[in-house]
Amino acid sequence: MHVRISFCPDVRDEDSNPKQTNLFKANLTPCSCTRSFPYSWLGSSETHTQLSKCFFRRASHATRESHAVSRHIKNGKPDEAREVRDMFQFPDVRSFTKMIVGCVQTGRLDDALRLFYQMPVRNAICWNTVIKGCLDCGDLMTVEELFDEMPKPSVVSWTTMIDGFFRFGHVERAERFFKQMPIRDLAAWNAMLHAYCKNARVDDAEKFFEQMPSRNVISWTSMIGGLDQNGKSEEALIVFERMFKSGVLPNPSTLTCAFSASANALSFPLGLQILGHVFKSGFCLSVFVCASLITFYAHLYRNVVLCTALLTGYGSNGRHEDGPKVFSDMMRTSVLPNQSSFVSTLNSCCSLESLDQGKVVHASAIKLQLGSDVFVGNSLVVMYNKCGAVDDAVVVFKRLREKNIITWNATICGCAQHGRGMWAMELFSQMIRGLVQPDEITLTGLLSSCSHSGMLQKGRCLFRYFSENTLIELKQEHYACMVDVLGRCGKLEEAEDFIRNMPLKTNSIVWLALLSSCKTHSNLDLAERAANYILDLEPHCSAAYVLLSNLYASANRWGDVLRLRVTMRDKGIMKQPGRSWVTIKGQKHLFHSGDKFHPLSENIYWKLDWLKMKLKELGYVPDKRLSLHDVEDEQKEDSLFYHSERLAVAFALIATVEGSTITVMKNLRICGDYHSAIKLIAKIVDREIIVRDSSRFHQLRGGICSCGDYW
DNA sequence: CTAGGGTTAG
């Protein structure tokens with residue numbers, strides 16, 4: 001199909017740079033494919049769509065129509081290609097040029113060139129665009145051909161060529177081009193100047209700089225940056241001062257270079273002067289300026305405050321792996337960490353779940369006599385708890401002379417997570433004796449201790465005590481914890497009554513606690529009721545679907561399982577895939593069910609087979625009921641056997657010293673069958689295995705688990 | 001907002 005192109009060479013808008021108007025007019029060059037050409041100039045419709053996207057990325061503001069089409073593309077409308085094609089029935093030089101830029105920016109030089117050659121008419125701008133494009137894609141050959149073909153290269157074309165030659169290291173050719181240019185504007189001079197600097201020809205750059213007929217802020221910035229980058233930072237600073245005297249004001253780029261130069265020249269006073277300019281000019285928001293300012297301080301003013309700021313900054317930006325690095329750097333260079341540095345570093349270790357690194361930091365704290373500081377101590381307690389070392393957390397707690405409510409809460413919550421219910425109760429009575437006022441977090445920790453340790457009476461007493469005798473306002477979480485206490489002990493009816501009688505408006509957390517207990521005690525009727533409440537309040541609660549579906553599965557009601565799965569799929573609710581991980585020497589090793597991507601995969605599966613054999617010898621029979629998949633028995637057993645946590649345990653066994661404790665983390669709740677298996681595994685390999693699942697820690701040793709099979 | 005010249009450190 002052919003369309004008629006109504007082509008109107010639009011030269012009016014090209015007057016923005018009046019100097020060049022004539023050149024543009026002279027360069028309008030009708031080409032052979034003149035006024036009619038097939039749709040195929042854009043290739044397949046797929047290419048077409050991609051091109052259009054490039055186009056709109058650059059020019060979504062071009063017209064009202066383009067906005068509309070752009071919206072359609074964003075919304076993934078199926079007929080986007082057609083609409084865009086309609087848009088382009090009458091493309092002009094600008095549209096073509098924009099599309100060429102789009103192609104080049106996404107690295108598709110072929111498409112860019114095809115568009116260029118299929119243009120009905122070309123002006124200087126599109127010639128220059130395509131030349132620049134070839135350069136950006138590294139095709140110098142084509143660049144030279146294009147330049148020779150171009151009817152009348154503009155000063156921009158010449159400058160682009162010069163920049164290109166320099167990029168390929170052809171300094172002499174660039175110099176020749178510069179001399180041959182019919183007109184040389186300031187940008188051309190600047191291009192040469194910058195290129196000399198980039199090619200380590202800083203002496204030539206300096207000579208060239210002195211010869212320049214005029215200089216603007218770009219010239220000065222190039223010179224300052226060039227000197228600094230070539231090891232002449234002192235000279236750079238002199239040039240910076242000269243720039244001021246000549247009345248040229250710095251902009252963010254200049255300041256960035258100047259900061260860098262002051263840092264490299266170790267010139268503190270000058271850096272501060274520049275800082276003054278930054279504040280005066282309001283450029284402090286530029287990321288480049290900020291980055292170079294940080295470098296400046298880091299070079300000259302390396303102290304504990306700065307390093308701690310860095311530690312905190314890494315932590316709050318999720319770059320936890322950098323925390324311990326900065327910390328050890330500080331220790332090595334005798335920038336002694338203070339209380340805040342320790343808190344930040346330990347928080348990072350905590351997020352990394354890296355017990356090894358946490359212990360190193362703890363040792364440093366003791367060395368610097370900060371081991372009994374209350375803030376450092378709190379961070380240590382939290383870190384040890386999170387990394388699965390509750391005993392160490394308690395040791396730290398005991399050694400702290402000064403304790404605050406956070407210390408108590410962190411320790412109690414740690415005990416809860418590790419199923420040390422009695423310890424939590426002991427801590428609470430110490431608190432009361434010591435006249436420490438418990439808060440709402442304390443109560444959460446205590447109730448959760450009761451539920452994880454099966455302490456029904458204690459839980460009831462605590463709840464009553466707190467609702468009658470304290471000023472703490474009971475919240476949903478507390479009610480949910482109490483439901484958990486009752487539910488886990490099998491008091492499901494009592495739990496339901498408790499929910500119905502609670503004075504607050506019930507939310508889904510409370511019902512979810514009950515539903516979870518229904519799963520433990522296989523009470524399908526109540527589970528369905530609870531699930532209905534949850535899904536009324538929160539129709540997209542994936543936890544409710546998964547729990548209910550697991551309940552149906554263990555009751556062999558596969559029809560209901562399927563029905564739930566279909567509903568989930570229709571509502572777009574995703575079940576979180578199970579994953580487990582092991583952190584060794586700060587390195588996190590992640591496993592998904594049955595995956596074979598780990599470098600040690602072969603050894604891991606070998607170890608699994610070995611474990612399987614040993615388990616059989618001990619008379620272990622996999623509990624198929626607990627598998628969630630509707631598959632044949634043998635397969636069921638297999639998929640159970642390759643659950644992510646098994647891979648993680650097998651890996652940890654291979655990757656650590658024999659006899660040492662291994663710690664495995666999992667995002668979901670541990671499955672019952674795995675739990676029985678791992679108790680035996682701990683016995684077989686004679687090691688302590690700690691598993692953290694989504695609700696608590698399990699400490700497995702010699703065939704038994706700290707949870708007492710109750711979780 | 002159709003094209004060329006400058007910007008941290010790693």
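Keep in mind that what you see is a predicted model, and the values were worked out from it rather than measured. Chain naming here is simple, since letters A, B, ... match the order of the sequence lines and numbering starts at 1 in each.
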Can you tell me how far [atom2] of [N] sits from [atom1] of [X], to the nearest Å?
| X | N | atom1 | atom2 | result |
| --- | --- | --- | --- | --- |
| A/L135 | B/dA3 | CG | C1' | 12 Å |
| A/F178 | B/dG5 | CZ | C1' | 11 Å |
| A/M119 | B/dT2 | CE | C1' | 10 Å |
| A/R94 | B/dT2 | CZ | C1' | 7 Å |
| A/L227 | B/dG6 | CG | C1' | 14 Å |
| A/F116 | B/dA3 | CZ | P | 15 Å |
| A/L146 | B/dA3 | CG | P | 17 Å |
| A/R184 | B/dG4 | CZ | P | 21 Å |

Next on the checklist: Counting only side-chain nitrogens and oxygens, does A/K132 get under 4.0 Å of the OP1 or OP2 atom of B/dA3?
Outcome noted: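 For A/K132, the contact criterion (side-chain N or O under 4.0 Å from OP1 or OP2 of B/dA3) is not met.
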Checklist entry - Can you find a donor-acceptor N/O pair under 3.5 angstrom joining the side chain of A/D185 to the base of B/dG5? => result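 Side chain to base: no pair below 3.5 Å.
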Checklist entry - Taking N and O atoms by type only, does the side chain of A/T160 place a donor or acceptor under 3.5 Å from a partner on the base of B/dG4? => result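 Side chain to base: no pair present.
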Checklist entry - Which is it for A/S267 and A/S262 under the side-chain hydrogen bond (donor to acceptor under 3.5 Å, both in side chains) test, yes or no, and what are the steps along the way? => result CA-CA 5 Å; A/S267 171; A/S262 339; 5.9 Å; no
Item to check | Contacts of type salt bridge (charged side-chain N to carboxylate O under 4.0 Å, His left out), residue A/E210, not counting sequence neighbours | outcome: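 Here the qualifying residues are A/R215, A/R242.
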Item to check | Qualifying salt bridge (charged side-chain N to carboxylate O under 4.0 Å, His left out) pairs, either residue in residues 123-133 of chain A, two or more places apart | outcome: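 Listed once each, the pairs are A/K132-A/D136.
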What are the atom names and distances for every N/O pair under 3.5 Å that joins the protein to nucleotides 7-10 of chain B?
{"from": "B/dT7", "atom 1": "O2", "to": "A/S253", "atom 2": "N", "distance (Å)": "3.3"}
{"from": "B/dT7", "atom 1": "O2", "to": "A/S253", "atom 2": "OG", "distance (Å)": "2.4"}
{"from": "B/dT7", "atom 1": "N3", "to": "A/S253", "atom 2": "OG", "distance (Å)": "3.3"}
{"from": "B/dA9", "atom 1": "OP1", "to": "A/S260", "atom 2": "OG", "distance (Å)": "2.8"}

Next on the checklist: Counting the atoms with a prime plus P, OP1 and OP2 as sugar-phosphate, which does A/L186 contact under 4.0 Å by heavy atoms, base, sugar-phosphate, or nothing?
Outcome noted: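 The answer is base, as A/L186 lies within the cut-off (heavy atoms under 4.0 Å) of a base atom.
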Item to check | Check: A/F178 ring centre within less than 6.0 Å of A/W189 ring centre | outcome: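 Between A/F178 and A/W189, the centre distance is under 6.0 Å.
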Next on the checklist: Distance check, C1' atoms only: B/dG5 and B/dA9, in whole angstrom units.
Outcome noted: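 Roughly 23 Å separates the two C1' atoms.
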Checklist entry - Please, which pairs that meet side-chain hydrogen bond (donor to acceptor under 3.5 Å, both in side chains) have at least one residue in residues 290-299 of chain A, sequence neighbours excluded? => result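 Output for this query is empty, none listed.
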Checklist entry - Taking only residues two or more places apart in sequence, or in another chain, which ones meet A/S341 in a side chain to side chain donor-acceptor pair (under 3.5 Å)? => result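 For A/S341 the side chain to side chain donor-acceptor pair (under 3.5 Å) partners, ignoring immediate neighbours, are A/T308, A/N338.
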Checklist entry - Which residues satisfy the ring-ring contact (aromatic ring centres under 6.0 Å, His included) test with A/H194, sequence neighbours excluded? => result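 Listed in chain order: nothing, the list is empty.
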